[in-house]
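Have a look at the structure below before the remarks.
Fair warning: this is a prediction, and the values are worked out from it, not measured in the lab. Computed over heavy atoms, backbone and side chain alike; hydrogens, waters and symmetry mates excluded. For the single chain, residues carry numbers from 1 onward in sequence order.
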Amino acid sequence: MFTVRINKLKVRTKIGVSIQERRKKQPLLVSLKFSYKVNKNQNIDNINNLISYTDIKKFLKTYIESSRCRTLEKLIIECSQMLRKRFKIQNVSIEIEKSDVAKKYGCQSVSVSK
């Protein structure tokens, strides 16, 4: 089994509980960790037998940009479910950081993970 990590993918989307927070797109940093298996009989030197990290990054970015979730928790759950279904990956773990909100409270970042 292979474990893949994609760290701090930059995505801009409208997210937040308050109307003011949802008025304009906010920058998010998304980190993803997942596992997948490759059949022993498959050549792992052939990209067609592996999961495309580029496809996963593009899908995740597009999905988040078009999302209408109000909370990071809801967004994380939806992203995890969609990634599992579409790419047949396991042990999905996602962390999303909201740095702009954190600055208001005097910290470097606020993040939620599952």
Side-chain angles (χ1 to χ4, degrees):
M1 182 165 309
F2 293 97
T3 300
V4 177
R5 288 182 181 88
I6 298 170
N7 292 314
K8 301 192 187 245
L9 176 67
K10 293 178 183 178
V11 183
R12 294 186 62 81
T13 192
K14 292 183 179 182
I15 189 165
V17 177
S18 71
I19 294 169
Q20 182 179 355
E21 197 175 9
R22 295 178 63 81
R23 281 195 180 131
K24 64 178 186 171
K25 290 186 176 186
Q26 300 176 48
L28 302 178
L29 296 175
V30 181
S31 295
L32 170 66
K33 179 181 171 186
F34 64 90
S35 303
Y36 74 100
K37 293 180 185 179
V38 177
N39 189 324
K40 290 181 192 178
N41 300 329
Q42 290 180 321
N43 178 2
I44 60 171
D45 208 22
N46 182 338
I47 192 70
N48 295 322
N49 295 328
L50 304 174
I51 297 228
S52 169
Y53 318 139
T54 301
D55 290 348
I56 288 177
K57 287 189 316 183
K58 285 180 183 177
F59 174 81
L60 190 58
K61 191 169 183 167
T62 301
Y63 188 83
I64 291 172
E65 287 172 343
S66 64
S67 168
R68 294 294 166 231
C69 294
R70 294 182 182 271
T71 64
L72 294 177
E73 291 83 352
K74 172 86 168 153
L75 182 59
I76 287 171
I77 288 170
E78 285 190 3
C79 287
S80 295
Q81 290 171 345
M82 295 305 295
L83 287 167
R84 279 189 191 98
K85 279 183 191 178
R86 184 171 180 128
F87 295 100
K88 310 292 188 253
I89 57 178
Q90 305 165 3
N91 306 319
V92 176
S93 175
I94 298 176
E95 177 181 52
I96 301 178
E97 297 179 43
K98 262 178 124 173
S99 56
D100 282 6
V101 171
K103 290 174 187 174
K104 293 178 186 178
Y105 299 105
C107 55
Q108 212 170 30
S109 74
V110 171
S111 66
V112 176
S113 63
K114 181 175 177 0

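Nearest approach of Ile76 to Val112, heavy atoms of both residues: CD1-O, 3.1 Å. Shortest non-hydrogen contact noted between Ile44 and Leu50 is O-CD1, 3.6 Å.
Listed by chain and residue number, nothing satisfies the salt bridge (Lys or Arg N to Asp or Glu O under 4.0 Å) test with Glu95 (two or more places apart in sequence, or in another chain). Partners of Asn48 according to the side chain to side chain contact (heavy atoms under 4.5 Å, CB included) rule, which considers only residues two or more places apart in sequence or in another chain, are Asn46. Applying the salt bridge (Lys or Arg N to Asp or Glu O under 4.0 Å) criterion to Lys33, with sequence neighbours excluded, gives no partner residue. Contacts of Lys61 classified as salt bridge (Lys or Arg N to Asp or Glu O under 4.0 Å), with partners at least two apart in sequence or in another chain: none. Listed by chain and residue number, nothing satisfies the salt bridge (Lys or Arg N to Asp or Glu O under 4.0 Å) test with Glu73 (two or more places apart in sequence, or in another chain). Under the rule for a side-chain hydrogen bond (donor to acceptor under 3.5 Å, both in side chains), Lys57 has no partner lying at least two apart in sequence or in another chain. Residues passing the side chain to side chain contact (heavy atoms under 4.5 Å, CB included) test with Asn39 are Asn41, Gln42, sequence neighbours excluded.
Here Ser52 contributes atom OG and Lys58 contributes atom NZ; the two are 7.5 Å apart, rounded to the nearest 0.5 Å. The CD1 atom of Ile6 lies 5.0 Å from the CG atom of Leu32; values are rounded to the nearest 0.5 Å. Residue Leu75 holds its CG atom at 7.5 Å from OG1 of Thr13, rounded to the nearest 0.5 Å. Within the model, atoms CG of Leu72 and CD1 of Ile94 stand 11.5 Å from one another, a figure rounded to the nearest 0.5 Å.
Within the structure, the ring pair (Phe, Tyr, Trp, His ring centres under 6.0 Å) test picks out no pair touching residues 6-30 (sequence neighbours left out). The ring pair (Phe, Tyr, Trp, His ring centres under 6.0 Å) pairs that include a residue from residues 4-26 number zero, where partners must be two or more places apart or lie in different chains. Sorted by first then second residue, the salt bridge (charged side-chain N to carboxylate O under 4.0 Å, His left out) pairs that include residues 6-16, not counting sequence neighbours, are Lys8-Glu97.
Between Leu60 and Cys79, some side-chain heavy-atom pair lies under the 4.5 Å cut-off. Contact check for Ile51 versus Phe2: no side-chain heavy atoms found under the 4.5 Å cut-off.
A continuous path of Ile, Leu, Val, Met, Phe, Trp and Tyr side chains, each step under 4.5 Å between heavy atoms, connects Ile56 with Val38, placing both in one hydrophobic cluster. Under the 4.5 Å side-chain heavy-atom criterion for grouping Ile, Leu, Val, Met, Phe, Trp and Tyr, Phe34 is not connected to Leu29 through any hydrophobic cluster.
Although no hydrogens or angles enter the test, the distance criterion places a donor-acceptor pair under 3.5 Å between the side chain of Ser66 and the main chain of Tyr63.
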Side-chain atoms of residues 81-92: list all donor-acceptor pairs with protein atoms under 3.5 Å, sequence neighbours left out, distances to 0.1 Å.
| residue | atom | partner | partner atom | Å |
| --- | --- | --- | --- | --- |
| Lys88 | NZ | Lys85 | O | 3.0 |
| Asn91 | ND2 | Ser35 | OG | 3.4 |

Which pairs would a plain distance check flag for residues 15-26, meaning a side-chain donor or acceptor within less than 3.5 Å of a matching protein atom at least two apart in sequence or in another chain?
| residue | atom | partner | partner atom | Å |
| --- | --- | --- | --- | --- |
| Ser18 | OG | Glu21 | N | 3.1 |
| Glu21 | OE2 | Lys98 | NZ | 2.6 |
| Arg22 | NH1 | Gly16 | O | 3.4 |
| Arg22 | NH1 | Cys69 | O | 3.1 |
| Gln26 | NE2 | Ile15 | O | 2.5 |
| Gln26 | NE2 | Glu21 | O | 3.0 |

